[in-house]
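All values derive from a computational prediction rather than experimental measurement.
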There are 2 protein chains.
Amino acid sequence: MGKKRENITIYDVAREAGVSMATVSRVVNGNPNVKPATRKKVLDVIRSLGYRPNAVARGLASKRTTTVGVVIPDISNMFYAELTRGIEDIATMYHYNIILSNSDLKTEKEIQLIEALLEKQVDGLLFLGGEVTDSHREIFNHTSVPIVLAATREEHQEKPSVTIDQIQAAKEATSVLILEGHQQIAYIGGPLTDSVNGYPRYIGYKEALEENEIPFVESFIQLGDYRYKSGYEAMKNLLTSHSSMTAVFAASDEMAVGAIHAAQDLGRSVPEDLSIIGFEDIPLASQVRPLLSTVSVPMYDIGAVAMRLLTKYMNNEHVESGQVVLQYSLELRDSTRLKEWEEK
Amino acid sequence: MGKKRENITIYDVAREAGVSMATVSRVVNGNPNVKPATRKKVLDVIRSLGYRPNAVARGLASKRTTTVGVVIPDISNMFYAELTRGIEDIATMYHYNIILSNSDLKTEKEIQLIEALLEKQVDGLLFLGGEVTDSHREIFNHTSVPIVLAATREEHQEKPSVTIDQIQAAKEATSVLILEGHQQIAYIGGPLTDSVNGYPRYIGYKEALEENEIPFVESFIQLGDYRYKSGYEAMKNLLTSHSSMTAVFAASDEMAVGAIHAAQDLGRSVPEDLSIIGFEDIPLASQVRPLLSTVSVPMYDIGAVAMRLLTKYMNNEHVESGQVVLQYSLELRDSTRLKEWEEK
DNA sequence: CTGTTAGCGCTTTCAA
DNA sequence: TTGAAAGCGCTAACAG
């Protein structure tokens, strides 16, 4: 058994087995047009030589790398980690590998990463969570590599995407609070300039109020960065300036949990004094007390479906619809009082 | 501006710019041996043609792919997600891309993934969290691709690794409890067959007891799978059979938090009735009440250092020591009563 | 400073 | 069922 078998090529196998490279290539790729005896002979040589096919050479010759690029905001964010797991599982199932890169939602970095991925000749690209700007469209439109958006979409809807209806989800979350009888409902969200998550959730909140003729109060709006700490701070602000407030819709679970803790630190109990509902349903939501009521976003599925969709494009299969909208659900637990909710 | 610029090669650029392929290659790779005027001309053509270098062809010709393979147990596990972020950041810094694959700690799957990664001609490999068996060694020893282990190690210490001293860490965590005056200290851990995390943490617990002449009680040992739920169940068992118990060392934060909730559900308060300390210091530890005291493992750093180490091997740089042991620290928060701890 | 020329290891017609 | 041969797009000596 050779120590470092780095340089055993298809040629060596061919010579050793007394066949041509083409034949070796055929058995390696499972081409049926090989006489069983020949196949066995080749396989034996492959094993004894410890031959390992070079995927780079194969990629160059065949123009397929069985690799897909994934641009993700931040893998250490539970929401995206879960999504990535969905992607990876399906990728593995279809024998693709994924090249993962974190963008931190910086447009410039995103563009750069996409460019690098394209240079690496990925067979497909998954773009997650970021806003699709003109720069993105520019590059998307000048490549023939299939691209699927996940947990984001593009206004012109030219590119396939897998998402949920965020506005509707935020609206329902807020409606839960309204149905509980609250009139003073605050909103803790992300930047309104974030057109992917921040803005739609805000709009959903607003629409719910409007529909129920509850006055919108500017100072009930607190903006953070979706993280625990900013939720905590936001709630502290809210509570010191609006002691009459009785409910909060937070646009992320982390913020919601931060808000709960701030409330508790200021002597309020949840849900007795204050109802709080979150968004996402990351594991944290079920690992705190009170258990967080939240909008359950099918993170794993978004990733899995997006990857599956991408495989179809990569194989030139027929695609019913490139715009997939997945179902979310309302997970009413212990941070709100309402326990039942009929889907509209 | 071409629509699909898929087939513009270095040759096209060369022809258009009136130079040779070699020269184009030089400017693309930043080789200084090019007259500024020539460089500019080539750059202009590259831009106008929308030329994008083909990294696969480059990889085949140069035998370097600037890609590293990462085999990870589960990206949706916060601990590894954080680690991966460390890897990715350093990889980006050194212009490497990473191919990520989840192994779920299945040896067979790990081997298969490593094999696939090697086929893809990765320049280096990071193996995370899994046990290194003979099968692993077999394959590790027959390739010249540099490999670094992270959050795991190999008994013969033949392969470089980045870890923390788990036994010592577990021992100190247990000692905190002992120093608080507890005598009835339970242990909630992972499988003892898990030589990477489960067993060493268990040993650390045991050693701490021994050193302090506290009798080891078999039934104080509860084994789970590191997840919240198993911690919850373990604690319930413990509390119903050993009402005299006053402290618990849990081998993961999720289990520790699960344990806290079980205790609370059974009417005990933490840390008044029961002190609980965890292991890892994932974000969850600081997002629950009471704040979890825990062993803080530098997850991000383990990933970052491992990746940095790998770059050194890939560049044939001199490496001081391949066996890196990072410092952990004790983060004493509100689930224990002791608030100060002198490092031994 | 620039060009020529072999490959890198594999797939893929095209013939046989 | 098999083989020969032409690339895939780029890098890396080697000349000049």
Could you check how far [atom1] of [X] sits from [atom2] of [N], rounded to whole Å?
X      : N      : atom1 : atom2 : result
A:R15  : C:dG9  : CZ    : C1'   : 14 Å
B:D12  : D:dC8  : CG    : C1'   : 13 Å
B:R58  : C:dG9  : CZ    : P     : 18 Å
A:N7   : C:dG9  : CG    : P     : 8 Å
A:K41  : D:dT2  : NZ    : C1'   : 11 Å
B:I46  : D:dC10 : CD1   : P     : 10 Å
A:K120 : D:dC10 : NZ    : P     : 15 Å
B:L60  : C:dC8  : CG    : C1'   : 4 Å

Note to self: Looking at B:N29, I'd like to know whether one of its side-chain N or O atoms comes within less than 4.0 Å of OP1 or OP2 on D:dT11.
What the structure shows: yes
Next item on the list: For C:dT11, take OP1 and OP2 only and decide whether either is under 4.0 Å from a side-chain N or O of A:Y11.
Entry: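 For C:dT11, OP1/OP2 do not have a side-chain N/O of A:Y11 under 4.0 Å.
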Next item on the list: Hey, could you give me each pair passing side-chain hydrogen bond (donor to acceptor under 3.5 Å, both in side chains) that has a residue in residues 82-93 of chain B? Not counting sequence neighbours.
Entry: A:D74-B:R85, A:D104-B:R85, B:R85-B:D89, B:D89-B:Y300
Item checked: Which residues share a salt bridge (charged side-chain N to carboxylate O under 4.0 Å, His left out) with A:K106, sequence neighbours left out ->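 So A:K106 forms no salt bridge (charged side-chain N to carboxylate O under 4.0 Å, His left out) with any residue.
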Note to self: I want to confirm an ordering. Mapping A:A61 and B:K63 to their closest nucleotides on DNA chain C, which one lands closer to the 5' end?
What the structure shows: B:K63
Notebook entry, point to check: Within the side chain of A:H136, is there an N or O that forms a donor-acceptor pair under 3.5 Å with the backbone of A:T133?
Noted result: yes
Check: With no hydrogens and no angle check, is any side-chain donor or acceptor of B:N29 less than 3.5 Å from a backbone partner on B:N31?
Finding: no
Next item on the list: Name all residues meeting the ring pair (Phe, Tyr, Trp, His ring centres under 6.0 Å) criterion together with B:F79; count only those two or more places apart in sequence or in a different chain, and write none if there are none.
Entry: none
Check: Taking atom CD1 of B:I46 and atom CG of B:D12, what is their separation to the nearest 0.5 Å?
Finding: 11.5 Å
Checklist line | Five-pair end axes of the helix from C:dC1-D:dG16 to C:dA16-D:dT1 and the angle they enclose, rounded to 10° | finding: 30°
Measure all distances between protein nitrogen or oxygen atoms and nitrogen or oxygen atoms of nucleotides 1-3 of chain C, and list the pairs falling under 3.5 Å.
from	atom 1	to	atom 2	distance (Å)
C:dT2	OP1	B:T38	OG1	2.3
C:dT2	OP2	B:K35	N	2.7
C:dT2	OP2	B:T38	OG1	3.4
C:dG3	OP2	B:S20	N	2.9
C:dG3	OP2	B:S20	OG	3.2
C:dG3	OP2	B:T23	OG1	2.7
C:dG3	N7	B:R26	NH1	3.4
C:dG3	O6	B:R26	NH2	2.5

Note to self: Going by side-chain contact (heavy atoms from CB on, under 4.5 Å), name the residues that satisfy it together with A:V196, two or more places apart in sequence or in a different chain.
What the structure shows: A:E131, A:T152, A:D194
Note to self: Measuring only between side-chain heavy atoms, which start at C-beta, is B:T67 closer than 4.5 Å to B:Y96?
What the structure shows: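 When only atoms from C-beta onward are counted, B:Y96 and B:T67 do not touch, as no gap falls below 4.5 Å.
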Next item on the list: Compare all side-chain heavy atoms of B:K120 with those of A:V56 and state whether any distance is below 4.5 angstrom.
Entry: no
